Amino acid sequence: NLKCKVTDCVINVPTHYTDSERRAMLDAAQIAGLNCTRLLKDTTAAGITYGIYNKELPKPEEKPKVVVIVDMGYSNLQVSIIGFNAGKMRVLATACEPNLGGVHFDKVIFNHMVKEFGEKYKLDVLSNKKAIVRLMQECEKLKKLMSANTAELPLNIECFMEDKDVSARMNRVTFEELSGDLLDRVQVIMKQALTEAKLKAEEIDNVELIGGSTRIPAIKQIIQATFAREPRTSMNQDEAVARGCALQSAIFSPAFRVREFNITDACPYSISIQYEHPNGVDTTEVFPLWHQFPFSRQLTFSRKEPFTVKALYTN
C-alpha cells in the first residue's frame, strides 16, 4: 500500500516476553531486512492509541486518569493499568496469562462435541486430522454466535467423517458452565493486575477492551465485577495495538509531525547484577519490579583482577 520500501519499524510483543524472546524478535526483524527502532508491549501500544487520540485527559500537573486496558486475543490474556495525563502516559503494572485466549474456549466446545459425536454417531474424531480441523473451525463460529445470542444454537457439519452428517446444539449457559475453569483464571489475572498496581477498584477511572475474545459476555461480566466499571470499546478492538506501533513510529520519524506524547513503560521483571569474587558471589538488584523502562543506570566496581558479571532476572 505504501508503494515504497520499509526499513524502520516498531514491533509489538506480548507483555510477558523475556529478554531472550525480545532479542529473538529483534534478530527475526534483522533477518527480514527491517530495522526495529523499538519493541512495544501489546498493551503499551494500545495505551499510545488511547492517549494520543483522547482529548479529555487531565493536565500534566494534575492527578492522572487511571485506565485498565484488557487485551484478550486468540492465545493470551494481558492486562495493563496505565496512568494518563495530557501528553504523557505511565504504565503502573501489568499482569498476563500466556496460555489463555480464544482458542482455549474453542477447545472447551471442541472437547464437548468430540464426546457427544462419539456417543451419538460412534465416531472417533481425534483419529482424523481433517475432521479435527473442520470441527475446530465450526466450534469457533459457534462461540462467536453464542456471544451475540442467548438461544440454543445448532452446529451442523455435512460429510464430517465416514460419509456421516453430524449435528449438535449448545447455548451460552452450557458454554459458560463448561468454561468455568478458564473464567476463574481470567478473574485471577484481573485481581493480580490490581494487586501489582497497589490500587483498589474504586481508584480505576476507565476500563478499555481490545482483542476479539473480550467479546465473550462472561469475560465482560468478570471485568466489570473486578474493576467496578462498565468496560468500554472506544478503540478499534482488532487494530488498536498496530495503530499504537504506527504512532510510535511516526513519533520517531522526522517525516511526520505528531502531537507530543511521552511514553513511560514499566519493566515486568526485576533485574539484578551478579558478580563473582574470591569470597563468593554478590547479587545486587538494579531495577526493581515495575521500574521505569527503558532506563539506564551506571554501576562502578572496584576490582584489581578480572571478574565475571552477569545480568539476570532476580526471581
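FYI, the numbering just counts along the sequence from 1. The analysis underlying the following values was restricted to heavy atoms, covering all of them including side chains, and did not include hydrogens, waters or symmetry mates. Remember, predicted model here, so these are calculated numbers, not experimental data.
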Aromatic contact, Phe160 with Tyr121 (centres under 6.0 Å): no
Are any non-hydrogen side-chain atoms of Ile273 and Phe301 less than 4.5 angstrom apart? yes
May I ask you to test the Gln248-Arg38 pair for a side-chain heavy-atom distance under 4.5 Å? yes
Show your working on salt bridge (Lys or Arg N to Asp or Glu O under 4.0 Å) between Asp205 and Arg232 and close with a plain yes or no. CA-CA 11 Å; Asp205 296 306; Arg232 297 172 53 189; over 6 Å; no
Answer with yes or no whether the side chains of Thr15 and Thr43 bring together a donor and an acceptor at under 3.5 Å. no
According to the ring-ring contact (aromatic ring centres under 6.0 Å, His included) rule, which pairs have a member within residues 2-55, sequence neighbours left out? Tyr50-Phe84
Are the side chains of Ile271 and Leu312 in touch, meaning some heavy atoms are under 4.5 Å apart? no
Can you check whether Arg172 reaches Glu152 side chain to side chain, under 4.5 Å on heavy atoms? no
Residue pair Leu126 / Val114, side-chain heavy-atom distance below 4.5 Å: yes
Can you give me every donor-acceptor pair (side chain of residues 129-143, partner residue at least two apart or in another chain, under 3.5 Å) with its distance?
from, atom 1, to, atom 2, distance (Å)
Arg134, NH1, Glu158, O, 3.4
Arg134, NH1, Cys159, O, 2.9
Arg134, NH2, Glu158, O, 2.9
Glu138, OE2, Lys141, NZ, 3.4
Lys143, NZ, Gly102, O, 3.4
Lys143, NZ, Asp106, OD1, 3.0

With ring-ring contact (aromatic ring centres under 6.0 Å, His included) as the rule and sequence neighbours excluded, what pairs involving residues 217-271 come up? Tyr269-Tyr313
Quick one: does Met25's side chain get under 4.5 Å of Leu39's, heavy atoms only? yes
Glu62 atom CD, over 12 foreign heavy atoms within 6.0 Å: yes
Are Gln78 and Thr94 packed together at the side-chain level, in the sense that at least one heavy-atom pair is separated by less than 4.5 angstrom? no
Would you say Arg297 has more than 12 foreign heavy atoms packed within less than 6.0 Å of its CZ? yes
Kindly indicate whether the side chain of Val281, heavy atoms from C-beta on, has any atom under 4.5 Å from the side chain of Gln274. yes
Nearest 0.5 Å, what's the CG-CZ distance between Asp282 and Phe307? 11.5 Å
Can Thr214 and Gln237 be said to form a side chain to side chain donor-acceptor pair (under 3.5 Å), step by step? CA-CA 9 Å; Thr214 54; Gln237 285 182 265; 2.8 Å; yes
For Lys164, the side-chain contact (heavy atoms from CB on, under 4.5 Å) test, sequence neighbours excluded, returns Leu123, Glu162
Side-chain donor-acceptor pairs under 3.5 Å in residues 183-197, sequence neighbours left out?
from, atom 1, to, atom 2, distance (Å)
Arg185, NH2, Asn99, O, 2.9
Thr195, OG1, Lys191, O, 2.9
Glu196, OE1, Trp290, NE1, 3.1

Please determine whether the number of non-hydrogen atoms from other residues, nucleotides or ligands lying under 6.0 Å from atom CD of Gln30 exceeds 12. no
Not counting sequence neighbours, which residues clear salt bridge (charged side-chain N to carboxylate O under 4.0 Å, His left out) with Arg23? List them please. Asp19
If you count the non-hydrogen atoms of other residues, nucleotides and ligands that lie under 6.0 Å from NZ in Lys120, is the total more than 12? yes
Please check if any side-chain donor atom of Thr44 sits under 3.5 Å from a side-chain acceptor atom of Asp265, or the reverse. yes
Verify the neighbour count for atom CD of Glu260: are there more than 12 heavy atoms of other residues, nucleotides or ligands below 6.0 Å? no
So Leu77 and Val70, side-chain contact (heavy atoms from CB on, under 4.5 Å) or not? Walk me through it. CA-CA 8 Å; Leu77 168 62; Val70 180; 4.0 Å; yes
